[in-house]
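All remarks here apply to the structure that follows.
Counting from 1, the numbers follow the sequence of the chain as shown. Everything quoted here is computed from the prediction, not taken from an experiment.
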Amino acid sequence: TVKKKSVIIILLCWLVYICAELGRQNYNIIKVEIISDLSMSKSEAGLVSSCFFVAYGLGQLINGILCKKYNSKIAIFIALSFSIIPNILMAVNQNPSMMKYIWGANGLIQSMIWSSIIRIEADYLSDKMLAVSVVFLSTTNALGKLIVSGISAYCIYIANWRLAFYIGAVALATMAVLWIVGI
């Protein structure tokens with residue numbers, strides 16, 4: 001039915017954004033451990049966050065305009081899939097000066113997700129279901145940060161900060177498959 005399809009779209013979009021948070025917020029949460037382990041300066045570590053922020057912000061502006069011209073369903077799959085790469089590169093990287101480029105690329109990749117979610121929901125949901133979706137999507141940022149914080153802390157406890165990036169990559173890969181199958 002139409003309502004069932006709407007619920008699936010809302011749930012998938014919600015899960016996409018939660019998983020995107022796992023592949024986006026992990027750096028900021030484990031930054032102190034990275035600074036200590038790689039002997040980074042605080043300014044070097046801050047530059048990594050800044051590169052992500054600038055790339056993500058500019059990317060959102062560009063994708064907000066362009067999302068009308070591309071297939072948003074495919075764009076989400078591509079963003080989830082390609083965001084795996086910088087997460088793995090961050091996990092294996094030994095060179096702090098490379099992190100700003102890797103994480104900046106992740107910002108640009110991840111910037112495709114939000115505008116694509118909004119586009120899909122605007123195209124496929126009724127006004128009533130769109131209102132429901134707004135409530136659900138409003139939880140993703142806070143809940144995502146809570147989940148990432150817990151997972152990242154646990155990774156540091158049982159292994160090290162690198163595990164948080166691997167888990168981010170696995171979450172992104174899993175969600176990319178669920179997205180392409182579910183949507």
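Put simply, the side chain of K73 does not reach to within 4.5 Å of the side chain of F77, judged on heavy atoms. For the pair L130/E121, a side-chain contact is recorded, criterion being any heavy-atom separation below 4.5 Å from C-beta on. Counting heavy atoms from C-beta on, the side chains of I109 and P86 come closer than 4.5 Å. The shortest distance between side-chain heavy atoms of L80 and V177 does not fall below 4.5 Å. Using a 4.5 Å heavy-atom threshold, the side chains of C13 and W179 count as touching. Side-chain contact between M99 and L38 is present, with heavy atoms from C-beta onward closer than 4.5 Å. For the pair L12/M175, a side-chain contact is recorded, criterion being any heavy-atom separation below 4.5 Å from C-beta on.
In this structure, Y70 and S116 approach most closely via the heavy-atom pair CE1-OG, 3.7 Å. Nearest heavy-atom pair across G64 and C67 is O-SG, 3.7 Å. Looking at every heavy atom in both residues, N93 comes nearest to M98 through OD1-CB, 3.9 Å. Here the closest heavy-atom approach between residue A20 and residue L172 is recorded as CA-CD2, 4.1 Å. What you find for A171 and C19 is that their closest heavy atoms are O-SG, 3.9 Å.
Atom-to-atom distance recorded for L22:CG and K145:NZ is 13.0 Å, nearest 0.5 angstrom. With rounding to the nearest 0.5 angstrom, the OH atom of Y124 is 16.0 Å from the CE atom of M129. In this structure, OG on S81 lies 10.0 Å from CD1 on I74, to the nearest 0.5 angstrom. To the nearest 0.5 Å, atom CD of residue E21 and atom OG1 of residue T140 are 6.0 Å apart. Once rounded to the nearest 0.5 Å, the distance linking CG of D123 with CD1 of I9 reads 9.5 Å. Between the CD1 atom in I18 and the CG atom in L146 there is a gap of 9.5 Å [rounded to 0.5 Å].
Side chain to side chain, Q60 and S111 fail the donor-acceptor criterion of an N or O pair below 3.5 Å. Using modelled atom types and a 3.5 Å distance limit, the side chains of W14 and S133 yield no donor-acceptor pair. The closest side-chain donor-acceptor pair between N26 and S152, if any, does not fall under 3.5 angstrom.
W103 has its ring centre no less than 6.0 Å from the ring centre of F53.
Both I8 and V181 are members of a single hydrophobic cluster when ILVMFWY side chains are connected at heavy-atom separations under 4.5 Å. Taking hydrophobic clusters as Ile, Leu, Val, Met, Phe, Trp and Tyr residues chained together by side-chain heavy-atom distances below 4.5 Å, L11 shares a cluster with I120. Hydrophobic clustering keeps I29 apart from V170 (ILVMFWY residues linked when any side-chain heavy atoms are closer than 4.5 Å, directly or through intermediates).
Under the 3.5 Å distance criterion, the side-chain polar atoms of K68 are left unmatched by any main-chain donor or acceptor of I65. The backbone N or O of G23 sits less than 3.5 Å from a side-chain atom of N87, completing a donor-acceptor pair. Not a single donor-acceptor pair under 3.5 Å links the side chain of N106 to the backbone N or O of I102. Listed for the Y154 side chain is no donor-acceptor partner under 3.5 Å among the backbone atoms of A164. Judged purely by atom type and a 3.5 angstrom limit, E33 has no side-chain atom pairing as donor or acceptor with the backbone of I30. A donor-acceptor pair is defined here as one N or O able to donate and one able to accept, closer than 3.5 Å; such a pair exists between the side chain of T139 and the backbone of F136. A donor-acceptor contact shorter than 3.5 Å is absent between the side chain of R119 and the backbone of W114.
Classification of the W161-F165 ring pair by plane angle, with boundaries at 30° and 60°, yields perpendicular.
Other residues, nucleotides and ligands contribute at most 12 non-hydrogen atoms within 6.0 Å of the OH atom of Y101.
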>> Using side chain to side chain contact (heavy atoms under 4.5 Å, CB included), reason through N160 and D37 one step at a time and then give a plain yes or no.
In response: CA-CA 9 Å; N160 58 45; D37 187 43; over 6 Å; no

> Hey, mind stepping through C155 and I167 against side chain to side chain contact (heavy atoms under 4.5 Å, CB included) and telling me if it holds?
Replying inline: CA-CA 9 Å; C155 288; I167 289 176; 3.3 Å; yes

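In this structure, R24 satisfies the cation-pi test against Y17, with its NZ or CZ atom closer than 6.0 Å to the six-membered ring centre and inside 45 degrees of the ring normal.
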